[in-house]
Amino acid sequence: MNNLLNLKSFLKFLSKHKSYTFIDVFGLSVSLMFVILIAIYTKQELTVDNWHEKKERIYVLGNDNGVGTAYRISDRILERYPEIEKTCAMTYRSQESVLVGELKVAAELLLADTTFFGMFDFDLAQGNKETALDARNYAVISETFARKVFPGTDPLGKMIRMNDSVNVMVNGIMHDIKNSTIPYCDILIRMDNIKYFNAGMDSQEFNNAGSTIIFILKHVHADLHAKTGDMADYFREIFWLYKRNINTIVQFVPLQEVYFSSLNDSGYLLRKGDSQFVVILLSIGILILVFAIINYINLTMAQIGFRAKEMATRRLLGSSRGELFMRLILESTMLTCISFIIGLFLAWLCLPFANNLLETKLYFGDTITFRSGMIALLLIVGIGGFAGLLPAFIISNSKPVDVVKGTFRQKTKMVFSKIFITFQNVITITLLAASLTMILQINHLIKAPLGYNTTNIIDISAWGFEGDEQVRLIAGELEQLASVKRVAFSQGTPFDRGNNNTMVFEGKNISFQIFVGDTTYFDMLGFQILMDNNLGNMDGYYLSEQSFRELGIADDVPSVTFENGWHIPVAGKVKDFQLRNISTDNSPVLLQLQKVEDFWRI
């Protein structure tokens with residue numbers, strides 16, 4: 001056993017063949033770096049929300065088209081269905097401008113019912129979960145936000161001004177939300193504050209349907225799925241989406257399935273994963289590992305003549321084949337262990353690049369646990385054993401006489417090199433073909449015409465400005481810059497899809513995307529007007545080709561009246577343009593010219 005653990009000769013061999021050692025260790029380390037990063041990402045994706053104690057009883061209310069719904073529906077179903085223990089309505093507002101003392105910052109704002117901490121197991125670093133949202137003006141902030149805006153001070157009791165109607169007091173500090181379908185937030189406040197941000201969401205007419213996520217906690221042993229039919233019938237009585245048959249069914253999506261669910265189309269309201277991408281990335285990780293093992297075997301086989309002489313000498317000195325076999329496996333495992341440690345360090349260094357590439361945040365520290373340590377140990381032993389298996393078998397079974405003659409080295413290099421090189425070439429050519437296809441497809445997505453201008457245009461949100469006067473003041477300052485040619489005002493852009501409004505025309509529900517802009521906006525984005533009725537006022541709407549098709553109206557129709565009484569003069573027809581990007585299905589579009597002072601975006 002002592003002789004088996006004596007690796008001086010192997011270390012001497014490595015120091016003597018420095019190029020072999022560097023290529024072998026570096027190649028395996030880089031491969032393991034990718035494997036480690038992919039493993040961390042895969043683990044995070046596959047364990048989203050599975051750490052909540054009540055996870056098996058939590059569902060998200062869904063319908064035919066997704067999981068977004070109306071805020072006040074939450075109260076109705078809680079009153080009507082005893083199977084439901086509690087509900088938690090939630091909405092999200094990104095980049096909300098808030099004031100902390102004299103400091104104005106943009107914050108990710110989450111509004112949720114007071115049942116939030118009773119339903120989910122998000123922990124507080126400071127404060128009491130049971131009383132954190134007791135008062136309407138209480139707020140819970142994240143640790144990251146606390147460090148950012150309250151450096152060196154205790155945030156509890158400090159005030160944050162949200163807008164003219166909402167001033168909140170910090171009543172708790174929450175560990176950053178991670179590994180959850182619920183997105184990270186800087187500030188968490190009560191959902192009943194939504195009326196001060198969007199009054200329509202708070203109405204009993206269920207306006208802004210789709211802007212809220214409703215989580216449901218069912219009672220133990222209750223059969224919630226048995227109520228889907230009755231709930232759909234109930235919604236047809238009270239909810240306009242069901243009255244118009246835009247939605248027809250009710251679905252309950254389990255919390256652990258929401259992340260990868262096709263119904264999770266709520267955009268910013270919930271985080272969404274791609275199960276196919278996870279499988280592809282996992283397959284790539286396995287392929288990288290296979291290539292690393294093959295490279296190790298190839299390099300070892302290339303040096304097999306040098307090692308065979310040493311092992312032949314040991315055979316002549318009395319070592320058994322089994323001892324030689326175990327020695328070579330041990331050497332392979334030791335080299336794998338060194339490479340794994342280096343790969344772990346490289347993975348830590350490359351973490352920011354991986355986060356940008358994968359558009360997520362990998363939590364390296366959370367991965368270092370006893371369980372992950374045991375898995376890493378098994379991985380090292382497995383890779384080391386498997387990679388060293390073939391060289392160990394061949395070398396330990398070599399005949400000393402063949403080694404002395406040199407025929408052993410020649411035969412092994414000819415046979416095994418051909419096999420491994422052919423295998424690697426086939427896989428490499430396949431991957432190159434796949435990569436070329438992906439590059440061409442991505443290039444098409446980037447350069448495909450969108451139907452409007454995108455170059456040299458900067459979109460500046462005006463939500464953080466204090467009224468129209470400040471908007472116009474900033475616009476005037478921008479126009480004085482030598483680098484600025486024109487300034488346009490608008491409400492919405494093709495990229496952010498503008499405002500959505502679903503209306504009924506001749507019994508048919510049509511979902512329009514509405515954009516408002518001045519004449520400079522029209523000209524700057526280069527919308528192509530196919531027909532202009534020359535109304536000469538700011539009241540008409542230009543309809544896209546898709547709008548005319550879905551409305552089923554003639555090109556010369558002077559106006560359109562919807563069933564809610566909204567009457568719009570038709571200013572003309574514009575050529576269809578792409579919303580957001582080339583992969584997004586287009587919707588009917590209404591474009592309106594309006595006076596500059598009415599705009600909130602420059």
**Item:** Aromatic ring proximity Trp566/Phe505, centre distance under 6.0 Å
**Value:** no
**Message:** Can you confirm whether Glu56 is buried at CD, in the sense that more than 12 heavy atoms of other residues, nucleotides or ligands lie under 6.0 Å from that atom?
**Reply:** no
**Message:** For Asn509 and Thr502, which I'm curious about, is there any donor-acceptor pair between the side chains at under 3.5 Å?
**Reply:** no
**Request:** Decide yes or no for Gln578 and Phe495: does some side-chain heavy atom of the first lie under 4.5 Å from some side-chain heavy atom of the second?
**Result:** no
**Message:** With a 4.5 Å cut-off on side-chain heavy atoms, are Thr91 and Ile213 touching?
**Reply:** no
**Prompt:** Thinking salt bridges, do Asp134 and Arg190 make one under a 4.0 Å N-O criterion?
**Reply:** no
**Prompt:** Can you find a pair of side-chain heavy atoms, one from Leu110 and one from Ile182, that are under 4.5 Å apart?
**Reply:** yes
**Request:** Measure the shortest side-chain to side-chain distance between Ile36 and Leu344 over non-hydrogen atoms and say whether it is less than 4.5 angstrom.
**Result:** yes
**Asked** Rounded to the nearest 0.5 Å, how far does CG of Leu188 lie from CD1 of Ile177?
**Response** 7.0 Å
**Asked** Between Phe512 and Phe562, is the gap from one ring center to the other below 6.0 Å?
**Response** yes
**Message:** Strictly below 4.0 Å, N to O, side chains only: are Asp202 and Arg72 in salt-bridge contact?
**Reply:** yes
**Prompt:** Is there a donor-acceptor pair under 3.5 Å between the side chain of Lys195 and the backbone N or O of Gly200?
**Reply:** no
**Prompt:** Does any N or O in the side chain of Tyr259 come within less than 3.5 Å of the main-chain N or O of Leu46, such that one atom is a donor and the other an acceptor?
**Reply:** no
**Request:** For Asn264 and Val258, indicate whether the former's side chain and the latter's backbone hold a donor-acceptor pair under 3.5 Å.
**Result:** yes
**Item:** Residue pair Phe197, Leu109: steps toward the side chain to side chain contact (heavy atoms under 4.5 Å, CB included) verdict
**Value:** CA-CA 11 Å; Phe197 296 90; Leu109 179 61; 3.9 Å; yes
**Request:** For Asp186 and Thr144, run side-chain hydrogen bond (donor to acceptor under 3.5 Å, both in side chains): C-alpha distance rounded to whole Å, both residues' side-chain angles, the deciding distance at 0.1 Å, then the answer.
**Result:** CA-CA 7 Å; Asp186 291 310; Thr144 296; over 6 Å; no
**Complete:** Residue pairs meeting salt bridge (Lys or Arg N to Asp or Glu O under 4.0 Å), one or both in residues 233-249, sequence neighbours left out, come to Asp233-Arg236
Can you list, pair by pair, the side-chain donor-acceptor contacts under 3.5 Å of residues 57-70, counting residues two or more places apart and other chains?
residue : atom : partner : partner atom : Å
Arg57   : NH1  : Glu85   : OE1          : 2.9
Arg57   : NH1  : Lys218  : O            : 2.8
Asn63   : OD1  : Asn65   : N            : 2.8
Asn63   : OD1  : Gly66   : N            : 2.9
Asn63   : ND2  : Gly68   : O            : 3.4
Asp64   : OD1  : Thr248  : N            : 2.7
Asp64   : OD1  : Ile249  : N            : 3.0
Asp64   : OD2  : Thr248  : N            : 3.2
Asp64   : OD2  : Thr248  : OG1          : 2.4
Asn65   : ND2  : Ile246  : O            : 3.3
Asn65   : ND2  : Asn247  : OD1          : 2.6

**Message:** More than 12 heavy atoms of other residues, nucleotides or ligands under 6.0 Å from NZ of Lys361: yes or no?
**Reply:** no
**Message:** Do Thr212 and Met201 have side chains that approach each other closer than 4.5 Å (heavy atoms only, starting at C-beta)?
**Reply:** yes
**Request:** Flag the pair Lys129 / Val140 as yes when at least one side-chain heavy-atom distance between them is below 4.5 Å, and no otherwise.
**Result:** no
**Message:** Nearest 0.5 angstrom please: Ser261 OG to Gln256 CD, how far?
**Reply:** 13.5 Å
**Asked** Can you tell me if Tyr71 and Asn208 form a side-chain donor-acceptor pair at under 3.5 Å?
**Response** no
**Check: His567 main-chain N/O paired with Thr561 side-chain donor or acceptor under 3.5 Å** = no
**Complete:** Residue pairs meeting salt bridge (Lys or Arg N to Asp or Glu O under 4.0 Å), one or both in residues 502-517, sequence neighbours left out, come to none
**Asked** So, Asn171 side chain and Ala132 main chain: donor-acceptor pair closer than 3.5 Å or not?
**Response** yes
**Axial cation check for Tyr234 ring with Arg80, 6.0 Å and 45° limits** = yes
Kindly list each side-chain donor-acceptor pair under 3.5 angstrom involving residues 113-122, sequence neighbours excluded, with atom names and distances?
residue : atom : partner : partner atom : Å
Asp113  : OD2  : Ala89   : N            : 2.8
Thr115  : OG1  : Thr87   : O            : 2.7
Asp121  : OD2  : Glu53   : N            : 2.4

**Asked** Does Asp154 offer a backbone N or O that forms a donor-acceptor pair with the side chain of Lys158 under 3.5 Å?
**Response** yes
**Request:** Before giving the answer on side chain to side chain contact (heavy atoms under 4.5 Å, CB included), spell out for Phe577 and Leu450 the whole-Å C-alpha distance, their side-chain angles and the decisive distance to 0.1 Å.
**Result:** CA-CA 6 Å; Phe577 53 86; Leu450 300 176; over 6 Å; no
**Request:** Could you pull out the closest heavy-atom pair between Ala106 and Gln95, with the gap in Å?
**Result:** CB-OE1, 3.3 Å
**Request:** May I ask you to decide if Arg136's main-chain N or O and Asn193's side chain share a donor-acceptor pair within less than 3.5 Å?
**Result:** yes
**Item:** Side chain Asn167, main chain Asn137, donor-acceptor under 3.5 Å
**Value:** no
**Prompt:** Are side-chain heavy atoms of Leu346 and Phe34 found at a separation under 4.5 Å?
**Reply:** no
**Message:** I'd like to know if the side chain of His175 pairs up with that of Glu143 as donor and acceptor (distance under 3.5 Å, no hydrogens or angles considered).
**Reply:** yes
**Complete:** So CG of Asp576 and CD of Gln546: to nearest 0.5 Å the spacing works out to 6.0 Å
**Contacts of type ring-ring contact (aromatic ring centres under 6.0 Å, His included), residue Phe548, not counting sequence neighbours** = none
**Item:** Face-on cation placement of Lys178 at Tyr184 ring, 6.0 Å and 45° thresholds
**Value:** no
**Message:** Quick one: does any side-chain atom of Thr47 pair with a main-chain N or O of Asn50 as donor and acceptor, under 3.5 Å?
**Reply:** no
**Item:** Trace of the side chain to side chain contact (heavy atoms under 4.5 Å, CB included) decision for Arg93 with Leu111
**Value:** CA-CA 8 Å; Arg93 297 181 67 87; Leu111 294 93; 4.0 Å; yes
**Message:** Under a 3.5 Å threshold, yes or no: a donor from one side chain and an acceptor from the other, between Ser587 and Gln513?
**Reply:** no
**Message:** Is any side-chain heavy atom of Met169 closer than 4.5 Å to one of Tyr138?
**Reply:** yes
**Prompt:** CG of Leu124 to CD of Glu130: how many Å apart, nearest 0.5 Å?
**Reply:** 10.5 Å
**Request:** Using the side chain to side chain contact (heavy atoms under 4.5 Å, CB included) rule, take Phe145 and Ile173 through it: C-alpha gap first, then chi angles, then the decisive distance, then the call.
**Result:** CA-CA 9 Å; Phe145 189 73; Ile173 302 174; over 6 Å; no
**Message:** I need the Glu45 CD to Leu358 CG distance, nearest 0.5 Å.
**Reply:** 8.5 Å
**Request:** For the pair Tyr196 and Asp164, evaluate side-chain hydrogen bond (donor to acceptor under 3.5 Å, both in side chains) and give the outcome as yes or no after the intermediate values.
**Result:** CA-CA 9 Å; Tyr196 302 112; Asp164 292 339; over 6 Å; no
**Asked** In chain order, what residues pass the ring-ring contact (aromatic ring centres under 6.0 Å, His included) check against Phe206, with sequence neighbours excluded?
**Response** Phe239
**Gln44 and Tyr363: side chain donor to acceptor below 3.5 Å** = no
**Prompt:** For the atom pair SG (Cys350) and CG (Leu362), what is the distance rounded to the nearest 0.5 Å?
**Reply:** 11.5 Å
